[in-house]
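A short worksheet on the structure shown next.
Every chain is numbered from 1 and lettered A, B, ... according to where its sequence line falls, protein lines coming before strand lines. Quick note: numbers below take in every heavy atom, side chains included, and nothing from hydrogens, waters or symmetry partners. All figures in this text were calculated on a predicted structure; none of them were measured in a lab.
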Amino acid sequence: MTMKSLKQILLSGFTAISATTLFGQAAWVEPDPINPNDSITIWVDLNKCTFGGAPTLASTTDDLYMWTWSPKEHPVGHPLNNGTWGASNDALKVQKAGNGVVFYRMVPTSFYEVTASAVYTSPIKLLIKKKDGSLDCGGAECKTEDLEIKITAPTTGPQKLYSFPRRKNKDTLSITPSDVITVFYDKNLETNDSLKDKEDFYCVVKARVGMGATDFIYFVDGDNIKAADRDIASRVPQMKMKNYGDGKFGLSFVPNRMFESINTGGQRILSVQYKVMRGYIRKQYDWVSESPEYWFNTMCQ
Amino acid sequence: MKNNMKQILFALVLSISVLACKPEPRELGPRANQSEGINGTWVLTKIDQIDVNVELAFQESDTLLDVTQAMLTSAPMEISFDKTSKNFEITSGAGSEFFGNTMGSWEFDNDDYPSYLQLNNPFGPQIYSLIRPVRPQDAYLAIKYNKMCGSDRTVSYHLWFVRK
C-alpha cells in the first residue's frame with residue numbers, strides 16, 4: 001500500500017467520521033450522489049445505531065458482517081448470499097475505519113445484480129452483525145437494527161423549486177448560513193391549479209439547529225399552519241418572494257441574519273427547510289406541496 | 001477606349017474615397033495611473049453572488065445573481081484608500097464582513113497593470129481580483145471576493161463600489 005492510498009483511506013475515514021458526527025446518520029453512502037454502475041462505499045456508524053447489541057459491536061475486535069436483503073437478496077448458493085444467521089458469508093465482511101465506523105465497498109448494480117433504476121426505486125437495506133448473530137451482546141443479539149439508505153435519482157432539466165447557488169451534492173450547498181441563499185419557485189412547472197394564476201408568494205422558511213424532527217427555529221411553521229398563522233403576509237413580511245418575471249419568484253436571504261432575533265442561543269444553523277405559500281391561506285391548496293431542505297457547508301463558517 | 005477611360009476614372013474615384021475614409025492615427029495618451037484612480041473613498045452599492053458549482057451555464061443568470069437587497073439592508077460600508085501612505089480604512093456598515101480588518105495597508109500586484117488588490121492587516125493579506133480597471137476617471141471600483149473553505153472556493157461575490 002502506498003503512502004498516497006493510506007492517506008486517502010485515512011482521509012475518507014476522517015471525512016466519514018466528521019460527516020456522521022455532524023449529521024447524525026447511522027448509515028450512508030459515498031459518493032453522494034452515486035453512480036449505481038460505479039464503486040460506492042456503504043458506511044455505518046455503530047455508535048449511532050439504536051439496537052441493544054450495537055454498542056458491543058462498536059467496540060468489539062471481532063470481525064463484523066453486512067447482512068443485506070434489498071434491492072435484492074441473493075439466494076442460497078450465490079457467492080454473495082448472506083450465509084446463515086449463525087455463520088455469515090465471509091464475502092460480506094465489513095472493514096473497520098475506527099471509532100465504531102465500518103464500511104463496505106461495492107458496485108451496486110454488480111453486487112445486487114439489478115438495474116440502476118432498481119437501485120433508485122428500492123433502497124439499500126442492511127444490518128451489521130457478528131458472524132454469529134445469535135450470540136449475546138449486552139443482553140441483545142449481536143446485530144444492529146435494520147438500516148435503510150435511500151438513493152435519490154439525479155434530477156435533470158428544469159425544477160419547480162431550486163436554490164442559488166445550486167446544490168453541490170444531492171441536498172447540500174457549498175455555502176454557509178452566513179452567505180446569501182436564494183430560493184426560486186418556477187410557477188410554470190406548477191401542477192396545483194389553485195396557484196397557477198397567483199402572484200403573492202411567500203417562502204416560509206424554518207432553520208434546523210439540531211438533528212431531531214422538531215429541532216427547528218421559525219417564525220411560522222410552514223408544515224403546520226395554525227389559524228393564527230393564516231395571514232402569512234402579516235406574520236412574515238420579510239419572506240415575500242420577488243417576482244422575477246416569466247413565472248419565476250425568488251427570495252434571497254442570509255439565514256444567520258433572518259433568524260438572528262429568534263436564535264437566542266446562537267445555535268448553528270445546519271439547514272433551511274421551506275414551503276412556498278400564498279400571502280393568505282384560505283384553503284389547503286394555497287401552498288406548493290413540496291418542502292425541500294438544503295443543508296449548509298458545516299466545515300467552514 | 002471610351003470604356004477603358006470610364007474604368008480608370010471609376011478606379012481613381014474609388015481609391016480617393018477609400019483613402020479619404022481611412023481614420024487618422026490617434027495617440028493613446030499617457031497610461032492611466034490606477035494608484036491615482038483608487039485613491040479616495042468608495043461606497044459599496046451592489047453585490048453579485050457567483051455560483052462556483054455550475055459546470056455548464058447557458059446564460060449569465062445561471063451563474064450570477066444580484067443579491068444587493070439581501071445583503072445591503074442597512075447603511076453600506078465605505079473604504080478609503082490613500083495613494084501616498086498606501087493605507088486603507090473601512091467605515092463599518094453592511095458588507096463589512098467581506099473584509100478581515102477595518103484598517104491596514106494596501107497594494108496592487110503590479111502598479112502599472114494591476115490584476116488584483118491586496119489588503120494587508122495583522123491577520124494576513126486578503127486578495128481581491130480587480131474586475132475592471134480603476135482609473136482616475138472611473139466612477140466604479142469592482143472587486144471579486146472568493147470565499148474559501150480550506151483549498152475549496154465555496155462561493156464568490158462581486159463587490160461594486162461608487163466613488164464618494
TODO: Verify ring-ring contact (aromatic ring centres under 6.0 Å, His included) between B:Phe88 and B:Trp106, making sure each step is shown before the conclusion.
DONE: CA-CA 6 Å; B:Phe88 75 90; B:Trp106 69 271; 9.0 Å; no

Open item on the list: Looking only at side-chain N and O atoms, does A:Glu293 offer a donor or acceptor that is under 3.5 Å from a partner on A:Ser271?
Closed with: yes

TODO: Scan side-chain atoms only and decide if B:Asn120 and B:Gln118 contain a donor-acceptor pair under the 3.5 Å cut-off.
DONE: yes

TODO: Could you please state which residues from residues 175-184 of chain A sit under 4.5 angstrom from chain B, measuring non-hydrogen atom to non-hydrogen atom, sorted by number, or 'none'?
DONE: A:Ile175, A:Thr176, A:Ser178, A:Asp179, A:Val180, A:Thr182, A:Phe184

Open item on the list: Non-hydrogen contacts under 4.5 angstrom with chain B: give the residues of residues 195-207 of chain A involved, or none if there are none.
Closed with: none

- [ ] Identify which of B:Ile50, B:Asp51, B:Val155, B:Asp152 forms the greatest number of heavy-atom pairs closer than 4.5 Å to chain A.
- [x] B:Asp51

Open item on the list: Donor-acceptor check, side chain of A:Thr172 to backbone of A:Trp295, threshold 3.5 angstrom: yes or no?
Closed with: no

Open item on the list: Hydrogens and angles aside, do B:Asn146 and B:Ser156 bring a side-chain donor and acceptor to less than 3.5 Å of each other?
Closed with: yes

Open item on the list: Under a 3.5 Å cutoff, is there a donor and acceptor pairing between the side chains of A:Tyr185 and A:Glu190?
Closed with: yes

Open item on the list: Looking at A:Lys275 and A:Ser289, would you say the former's side chain and the latter's main chain have a donor-acceptor pair under 3.5 Å?
Closed with: yes

Open item on the list: Less than 6.0 angstrom separating the ring centers of A:Tyr294 and A:Tyr274, yes or no?
Closed with: yes

Task: Geometric cation-pi criterion, A:Lys242 with A:Tyr244: 6.0 Å, 45° - done: yes

- [ ] Using the ring of A:Phe253 (Phe, Tyr or Trp, six-membered ring only), decide whether A:Arg257 places NZ or CZ under 6.0 Å from its centre and within 45 degrees of its axis.
- [x] no

